[in-house]
K.L.:
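Here it is, the structure, as structure tokens.
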Protein chains: 2
Amino acid sequence: MSRKIHLALHPYGVGGPGQHGLWKDPSIAKNASIDIRYYIEQAQAAEHALFDALFIVDSQFINATYPPHYLNRLEPLTLLSAVATHTTHVGLVGTASSTYNSPFNLARRFASLDHISGGRAGWNVVTSFDTGTSRNYGLDEHLDYATRYGRALEAVQVIRGLWDSYEDDAFPADVERGVFLDPEKLHALDHVGEHFRVAGPLNLSRSPQGQPVIFQAGVSEEGRNLAAQVAEGIYAPGGSFEEAKAYYADIKRRTAAAGRNPDHIKIFIHGGPVVRGTDSDAERRAREIFDEDNDFDASLALLGRAFGAHDFSQYDLDAPFPDVAHLAERGGRTGAAKIIERARAGGLTLRQVVQTFQEYRRSPFVGAPGTVADTIERWFAAGTFDGINLAFRNNEDLTWFVDAVVPLLQERGLFRTEYTGSTLREHLGLPFPVNRHTRERNLVGA
Amino acid sequence: MSRKIHLALHPYGVGGPGQHGLWKDPSIAKNASIDIRYYIEQAQAAEHALFDALFIVDSQFINATYPPHYLNRLEPLTLLSAVATHTTHVGLVGTASSTYNSPFNLARRFASLDHISGGRAGWNVVTSFDTGTSRNYGLDEHLDYATRYGRALEAVQVIRGLWDSYEDDAFPADVERGVFLDPEKLHALDHVGEHFRVAGPLNLSRSPQGQPVIFQAGVSEEGRNLAAQVAEGIYAPGGSFEEAKAYYADIKRRTAAAGRNPDHIKIFIHGGPVVRGTDSDAERRAREIFDEDNDFDASLALLGRAFGAHDFSQYDLDAPFPDVAHLAERGGRTGAAKIIERARAGGLTLRQVVQTFQEYRRSPFVGAPGTVADTIERWFAAGTFDGINLAFRNNEDLTWFVDAVVPLLQERGLFRTEYTGSTLREHLGLPFPVNRHTRERNLVGA
């Protein structure tokens with residue numbers, strides 16, 4: 001089997017959504033989410049394990065009910081730049097909003113990270129999630145789906161154009177001839193579109209990857225279509241084996257329909273493997289983690305995020321689930337719709353809806369090393385993913401996976417035994433994007 | 001003498017404005033401006049010399065005529081984050097535009113750098129310079145002075161408000177009581193102003209300095225007033241002894257008039273010291289540098305920057321200096337006015353104006369170590385500066401200054417012999433800004 005599994009590490013500091021109890025774990029520093037040493041250690045652990053990338057999520061609105069890691073964490077690009085010089089191979093994927101950043105700034109910052117890291121930068125394009133965020137950027141209401149995704153698509157196109165401002169050989173720096181820049185190889189963009197007007201050129205040369213890798217996390221119809229058009233990596237929603245398989249097939253189909261090679265979009269599912277020496281020890285550990293996180297108030301607050309940070313504590317817990325459908329358009333529409341559907345189908349109260357959040361749902365990747373390796377192999381072979389975004393409870397859980405499961409995947413030819421390239425593109429098997437102006441020039445010359 | 005001189009290092013990579021020939025220097029890597037190792041080495045050299053800060057300038061528009069370092073350089077914040085973890089004491093001051101960034105993003109990125117660096121971040125607030133930049137951000141014309149500086153002032157106020165979102169002790173992280181965050185110590189901003197509406201709170205805790213240090217580079221009337229109101233450091237224009245003295249007195253006066261302690265604004269003049277064993281060797285070296293940079297076409301292009309990247313190659317070089325006064329409002333008004341005044345007073349042609357740019361003007365800090373130390377002492381004692389922004393031609397020039405002049409300044413009690421603090425605020429003798437909500441709480445409690 002020549003196709004390999006890709007693995008990314010997803011550090012959650014003192015605890016992301018649903019990890020309400022993680023900050024109490026004595027092995028995790030109480031300030032982990034703002035301590036650059038924590039991220040450097042995680043990145044070095046990922047690199048030691050030959051993972052493809054470190055993946056940093058983000059959000060830009062909080063209130064006091066938010067998960068600990070969200071309340072107080074470093075900004076992804078400054079974080080990843082600091083991590084870059086302490087690692088040599090692992091990819092560095094950072095999240096940034098196309099809704100609340102201008103393309104020129106994003107183009108510069110990710111190209112800069114690509115230079116600093118020697119070709120390991122990835123941009124996870126998000127359109128941002130809730131009305132709370134919009135109020136941090138001067139807007140009363142979050143933009144609707146169509147506008148956000150239209151803007152995201154145009155932003156990626158503009159940014160890729162800016163990344164091609166200089167051809168790869170634009171700087172001869174020839175002292176004898178007195179030529180630093182070859183001005184023929186510097187190109188303005190002069191973009192005029194629906195959402196942006198950007199003249200260019202970018203004041204930064206082509207980076208080692210040519211262009212940083214574009215990630216995306218599309219779930220909605222608009223999100224899936226955006227992914228099919230421009231994404232090279234997807235952070236896919238979780239779900240059952242069947243759901244993952246359907247999502248995978250859908251994205252690959254849409255990508256082909258958009259005229260792209262479906263191998264050039266790598267789909268990562270979310271996995272929180274729990275591994276111990278025996279299946280029963282692993283089950284016990286998974287249950288322990290679940291118990292640590294069980295917190296009704298925190299789950300009630302978390303419910304609000306899918307509806308644009310809506311405050312559900314205002315409702316009677318034992319009355320029928322409130323009518324909040326209208327809030328979903330400016331929140332996370334797909335997730336919100338699922339919740340509403342579940343409440344309606346079951347005739348659930350608000351309390352019962354929160355309780356369904358809190359039911360123990362076993363991750364598929366729990367067990368002894370051989371069990372977990374078997375499950376991963378089965379899911380991979382069936383076409384449910386190209387890669388896994390790994391989130392571990394703590395370093396002991398990470399070490400179990402790296403020391404006991406990774407060698408089994410390697411023995412089976414499913415995971416690399418050494419880095420064969422040095423850039424994120426090379427790790428993911430993605431082609432180097434030839435500069436558009438160079439391509440044109442070569443066509444004319446041919 | 002207890003008042004000490006502050007020193008900042010200003011790395012120009014392959015050559016900033018006027019340094020047209022620097023890229024040809026065999027001791028400078030041709031890709032220095034995009035090589036993070038160059039910046040790390042410069043920062044470590046600055047720290048080894050006990051300097052207060054590394055200072056990174058920026059701009060966001062280029063065409064092929066721009067100076068080599070401007071054509072292709074790293075973005076300041078990603079650059080400084082990478083440098084942060086390779087240094088422990090030196091301050092890290094980065095330039096960012098208040099015109100083309102939203103306050104929420106700037107607040108996060110600089111606070112993040114302050115966390116990553118352990119309290120060494122500074123923000124050099126610029127309003128951006130030319131119409132070329134505006135066209136990279138969707139505007140056809142650059143904002144006028146009043147709008148730009150009004151926006152800059154409001155941006156700093158908003159950002160400082162966001163930096164106070166959490167009180168210093170907002171995170172007890174008390175496992176026994178089950179309290180991670182004390183919600184009483186998280187504060188929304190709810191700012192509604194002329195230029196911005198920002199709800200907050202920021203999703204990042206108070207950084208080690210409380211608030212990163214605010215730098216500014218005001219020359220115009222508007223710029224000087226902004227500095228007097230909010231700046232803690234100023235990157236002052238160059239000029240003669242008399243000009244520097246007048247500028248210094250003016251800024252200190254305006255700062256006092258704004259109700260602030262004039263000691264809490266540190267004025268840095270630009271200095272390019274050239275030191276060798278004897279005065280005549282140093283003069284020879286200064287002349288050599290001048291000759292390396294002499295380039296008529298590059299000087300003609302540079303002239304255009306003060307007029308919003310205006311293209312002067314369209315005019316007859318031997319006709320009277322063209323009427324371009326109307327371009328200055330959206331360029332660098334003060335510098336442009338000086339050029340126009342000089343051309344008018346002398347009845348100069350365009351060629352002659354460019355030639356006055358190219359005349360050899362001796363820096364005051366050229367000579368044997370004792371000569372340079374004497375000049376620095378005299379200027380400092382006379383109240384022309386609090387600090388010097390040092391730009392060196394190459395590492396040999398830097399080493400002469402550090403090894404031969406700095407010890408003399410130390411012997412005379414004018415410069416520190418060790419770092420006595422670990423934050424940029426401490427190096428500069430600036431007070432720690434007490435969180436506004438804590439202050440209010442204490443007032444109520446008192």
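The analysis underlying the following values was restricted to heavy atoms, covering all of them including side chains, and did not include hydrogens, waters or symmetry mates. First the proteins, then the strands, lettered A, B, ... as listed; each starts at 1.
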K.L.:
Could you check if a side-chain atom of A:Pro172 sits within less than 4.5 angstrom of a side-chain atom of B:Lys30, using non-hydrogen atoms only?
P.N.:
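They are not in contact (no side-chain heavy atoms under 4.5 Å apart), so the answer is no.
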K.L.:
Check each atom of B:Leu181 against the heavy atoms of chain A and say whether the ones under 4.5 Å are side chain, backbone, both or neither.
P.N.:
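Just its side chain gets close to chain A.
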K.L.:
Using non-hydrogen atoms only, which part of A:Asn31 is less than 4.5 Å away from chain B: side chain, backbone, both, or neither?
P.N.:
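When you check distances to chain B, no heavy atom of A:Asn31 falls under 4.5 Å.
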K.L.:
Which one of A:Pro103, A:Pro183, A:Pro201 has the most heavy-atom pairs closer than 4.5 Å to chain B?
P.N.:
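Counting heavy-atom pairs under 4.5 Å, the top option is A:Pro201.
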K.L.:
Would you compute the distance between atom CD1 of A:Ile36 and atom OG1 of B:Thr85 and round it to the nearest 0.5 angstrom?
P.N.:
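The distance works out to 7.0 Å.
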K.L.:
Is it the backbone or the side chain of B:Ala173 that comes under 4.5 Å from a heavy atom of chain A, or both, or neither?
P.N.:
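Interface part for B:Ala173: both.
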K.L.:
Under 3.5 Å, is there a donor-acceptor pair linking the side chains of A:Ser81 and B:Ser81?
P.N.:
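Distance-only check fails for A:Ser81 and B:Ser81.
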K.L.:
Would a 4.5 Å heavy-atom cut-off, applied to side chains only, mark B:Glu75 and A:Leu204 as touching?
P.N.:
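A side-chain contact is absent here, since even the closest heavy-atom pair is not under 4.5 Å.
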K.L.:
Between B:Phe196 and chain A, with a heavy-atom cut-off of 4.5 Å, which part of the residue counts as in contact: side chain, backbone, both or neither?
P.N.:
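The answer is neither part of B:Phe196.
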K.L.:
Given a strict heavy-atom distance threshold of 4.5 Å, which part of A:Asp174 is in contact with chain B: side chain, backbone, both, or neither?
P.N.:
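The answer is the backbone of A:Asp174.
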K.L.:
Is it the backbone or the side chain of B:Ile116 that comes under 4.5 Å from a heavy atom of chain A, or both, or neither?
P.N.:
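Both parts, backbone and side chain.
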K.L.:
Tell me, do A:Leu74 and B:His115 make a side-chain contact under 4.5 Å, heavy atoms counted?
P.N.:
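Result yes, sub-4.5 Å side-chain heavy-atom pair found.
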K.L.:
Would you say B:Tyr166 and A:Leu71 make side-chain contact, with heavy atoms under 4.5 Å?
P.N.:
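Contact flag for B:Tyr166/A:Leu71 side chains = yes.
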K.L.:
Say you draw a straight line from CG of A:Leu113 to CG of B:Leu77; how long is it, rounded to the nearest 0.5 Å?
P.N.:
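That separation rounds to 12.5 Å.
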K.L.:
Just by modelled atom types, is the A:Gly200 backbone N or O under 3.5 Å from a matching donor or acceptor in the B:Asn136 side chain?
P.N.:
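Checked: pair present.
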K.L.:
Name the option with the most non-hydrogen atom pairs under 4.5 Å to chain B; the candidates are A:Ser33, A:Pro26, A:Ala82.
P.N.:
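Max contact count across the listed options: A:Ala82.
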K.L.:
Compare every heavy atom of A:Phe180 with every heavy atom of B:Pro68, then report the nearest pair and how far apart it is.
P.N.:
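Distance-wise, the nearest heavy atoms are CB-CE2, 3.6 Å.
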K.L.:
What residue in A:Ala170, A:Ala84, A:Ser102 has the most heavy-atom pairs under 4.5 Å with chain B?
P.N.:
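Greatest number of close heavy-atom pairs with chain B: A:Ser102.
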K.L.:
Could you look at B:Asp58 and say if it's the side chain, the backbone, both or neither that has a heavy atom under 4.5 Å from chain A?
P.N.:
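Side chain only.
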K.L.:
Decide yes or no for B:His86 and A:His86: does some side-chain heavy atom of the first lie under 4.5 Å from some side-chain heavy atom of the second?
P.N.:
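With C-beta onward as the side chain, the pair touches.
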K.L.:
For the side chain of B:Asn203 and the backbone of A:Ile62, is there at least one donor-acceptor N/O pair under 3.5 Å apart?
P.N.:
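Judged by distance alone, no pair lies under 3.5 Å.
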K.L.:
Of the backbone (N, CA, C, O) and the side chain (C-beta and beyond), which part of B:Ser205 lies under 4.5 Å from a heavy atom of chain A, both, or neither?
P.N.:
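Backbone plus side chain of B:Ser205, per the 4.5 Å heavy-atom cut-off to chain A.
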K.L.:
So what's closer than 4.5 Å to chain A heavy atoms on B:Leu162: side chain, backbone, both or neither?
P.N.:
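For B:Leu162, there is no contact with chain A at all, as no heavy atom is under 4.5 Å.
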K.L.:
Let me confirm one number: the CG-OG1 distance from B:Leu80 to A:Thr78, rounded to the nearest 0.5 Å.
P.N.:
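If we round to the nearest 0.5 Å, B:Leu80:CG and A:Thr78:OG1 are 11.0 Å apart.
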K.L.:
Non-hydrogen atoms of chain B under 4.5 Å away: do they reach the side chain of A:Tyr137, the backbone, both or neither?
P.N.:
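For A:Tyr137, backbone and side chain are both near chain B.
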K.L.:
Which of the residues A:Ala111, A:Ser207, A:Gly178 is involved in the greatest number of heavy-atom pairs with chain B at under 4.5 angstrom?
P.N.:
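Option with the top pair count is A:Gly178.
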K.L.:
Answer with side chain, backbone, both or neither: which region of A:Leu202 has an atom nearer than 4.5 Å to a non-hydrogen atom of chain B?
P.N.:
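For A:Leu202, backbone heavy atoms alone lie under 4.5 Å from chain B.
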K.L.:
Any non-hydrogen side-chain atom of A:Asn105 less than 4.5 Å from a side-chain atom of B:Gln60?
P.N.:
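When only atoms from C-beta onward are counted, B:Gln60 and A:Asn105 do touch, with a gap below 4.5 Å.
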K.L.:
So which part of B:Val14 gets closer than 4.5 Å to some heavy atom of chain A, the side chain, the backbone, both or neither?
P.N.:
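The side chain, not the backbone.
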K.L.:
Please look at A:Val158 and chain B and tell me whether the side chain, the backbone, both or neither of the residue comes under 4.5 angstrom of a heavy atom of that chain.
P.N.:
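Interface part for A:Val158: neither.
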K.L.:
Of all the heavy-atom pairs spanning B:Arg108 and A:Pro76, show the shortest one and how long it is.
P.N.:
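Answer, listing the atom of B:Arg108 first, then A:Pro76: NH2-CD, 4.0 Å.
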K.L.:
Using heavy-atom distances under 4.5 Å, tell me whether B:Tyr70 contacts chain A through its side chain, its backbone, both, or neither.
P.N.:
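Only the backbone of B:Tyr70 comes within 4.5 Å of chain A.
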K.L.:
What part of A:Asp114 is in contact with chain B, defined as an atom under 4.5 angstrom from a non-hydrogen atom: side chain, backbone, both or neither?
P.N.:
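When you check distances to chain B, no heavy atom of A:Asp114 falls under 4.5 Å.
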